[in-house]
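Data block below; observations after.
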Amino acid sequence: MIQNIENCKCVLIVDSDLPTGEQANIAAVLAMTIGAKNNIIIGRDLPDADNTIHHGITQLNLPVLTACSEKIKGIHDMACMDERVFIVDFTSTAQDSRSYDEYTSKLAVSHANGLRYIGIGLFGDKKTVNRFSGNLKLLR
C-alpha cells in the first residue's frame, strides 16, 4: 500500500474508439474503484467560511487519457508485473453486463488472453506511471 501521496500519480486510460459518453462512464468507474481501494488519495473533509462541511476530494490530478484497446492491453500486461503500480481494469465483458452478477458469471468463464480491455486506471509511483502513460493523448 502506498503511503506518500507526493510521489504518486494516477491516470485513467480509456479506449479511443468508444463514444465520449462511454469513455466518461468507464473513467468514472475506474476512478471510484481506485479511490475506494486506495484511501490515501481522498483528502479530508473541509469546512468553508460558513462552517459547512465539504467531503474530501482527490488530492491528485486525474488525467483521462486515450489509447486503442490493444495499447491498453499492453499497458495493462506490463503494469501488472510492476509492484509499484496499483491497476484496475475495465473490459468489454464488464461493459456488456447488465449487473455485477452477470459480469461475475461472464468473467468466470473468460480467459485473460481473450478479454478486451477498454479502460484501465493506474495509481502508484509517479515515474513508473509516467513510463506507462507518458506518450498517450489527453481525452478531449
When rounded to the nearest 0.5 Å, the distance separating NZ of K71 from CG of L65 is 11.5 Å
Counting C-beta onward and ignoring hydrogens, is there a side-chain heavy-atom pair between V14 and V64 closer than 4.5 Å?
yes
Criterion side chain to side chain donor-acceptor pair (under 3.5 Å) on H54 and D48, from CA distance to verdict:
CA-CA 7 Å; H54 301 270; D48 63 20; 2.9 Å; yes
Which pair of non-hydrogen atoms, one from A67 and one from L136, has the smallest distance, and what is that distance?
CB-CD2, 3.9 Å
Would L115 and Y100 show up in the same hydrophobic cluster when neighbours are defined by side-chain heavy atoms closer than 4.5 Å?
yes
What's the verdict on side chain to side chain contact (heavy atoms under 4.5 Å, CB included) for S105 and E102, showing C-alpha distance, side-chain angles and the deciding distance?
CA-CA 5 Å; S105 297; E102 182 181 342; 5.8 Å; no
Closest non-hydrogen contact found for C8 with L60 is O-CD2, 3.9 Å
Candidate pair R84 and V129, rule side chain to side chain contact (heavy atoms under 4.5 Å, CB included), full reasoning:
CA-CA 9 Å; R84 296 168 294 182; V129 172; over 6 Å; no
Around N61, counting heavy atoms of other residues, nucleotides and ligands shown, do more than 12 lie under 6.0 Å from its CG?
no
Answer with yes or no whether the hydrophobic clustering places I41 together with I57; edges join I, L, V, M, F, W, Y residues whose side-chain heavy atoms lie under 4.5 Å apart.
no
Rounded to the nearest 0.5 Å, how far does CZ of F86 lie from NZ of K37?
6.5 Å
Just jot down the ring pair (Phe, Tyr, Trp, His ring centres under 6.0 Å) partners of Y117, sequence neighbours excluded, or say none.
H76
Assess the residue pair T66 and I13 against the criterion (side chain to side chain contact (heavy atoms under 4.5 Å, CB included)); give the C-alpha distance rounded to whole Å, side-chain angles, the decisive distance to 0.1 Å, and a yes or no.
CA-CA 5 Å; T66 64; I13 307 168; over 6 Å; no
What are the two closest non-hydrogen atoms of I75 and F132, and how far apart are they?
CD1-O, 3.5 Å
L138, I120: one ILVMFWY side-chain cluster at the under-4.5 Å cut-off?
yes
Between Y103 and S97, the two heavy atoms sitting closest are CA-OG, 3.3 Å
Got a second to check how far K106's NZ is from T91's OG1, nearest 0.5 Å?
9.5 Å
With the 4.5 Å side-chain cut-off for hydrophobic clustering, are V85 and M78 part of the same group?
yes
In this structure, which one of D82, I34, L12, I87 forms a side-chain contact (heavy atoms from CB on, under 4.5 Å) with L122?
I87
Closest contact, heavy atoms only, L30 versus G119:
CD1-C, 3.9 Å
How long is the gap from SG on C10 to CG on N38, to the nearest 0.5 Å?
8.0 Å
Output for pair (S92 OG, L18 CG), nearest 0.5 Å, gives 9.5 Å
Show me the pairs that pass salt bridge (Lys or Arg N to Asp or Glu O under 4.0 Å) and involve residues 15-34, at least two apart or across chains.
D15-R116
Evaluation steps, side chain to side chain contact (heavy atoms under 4.5 Å, CB included), between I26 and I118
CA-CA 8 Å; I26 292 166; I118 56 176; 3.7 Å; yes
Under 4.5 Å between side-chain heavy atoms, hopping through other hydrophobics if needed: is there a path connecting I42 to M32?
no
Stepwise salt bridge (charged side-chain N to carboxylate O under 4.0 Å, His left out) test for K127 and D125:
CA-CA 6 Å; K127 288 180 183 177; D125 173 71; over 6 Å; no
Quick check for you: to the nearest 0.5 Å, what is the distance between N113 atom CG and D77 atom CG?
9.5 Å
Specify the closest pair of heavy atoms between Q23 and S16, including all atoms of both residues, with the distance to one decimal.
NE2-CA, 3.6 Å
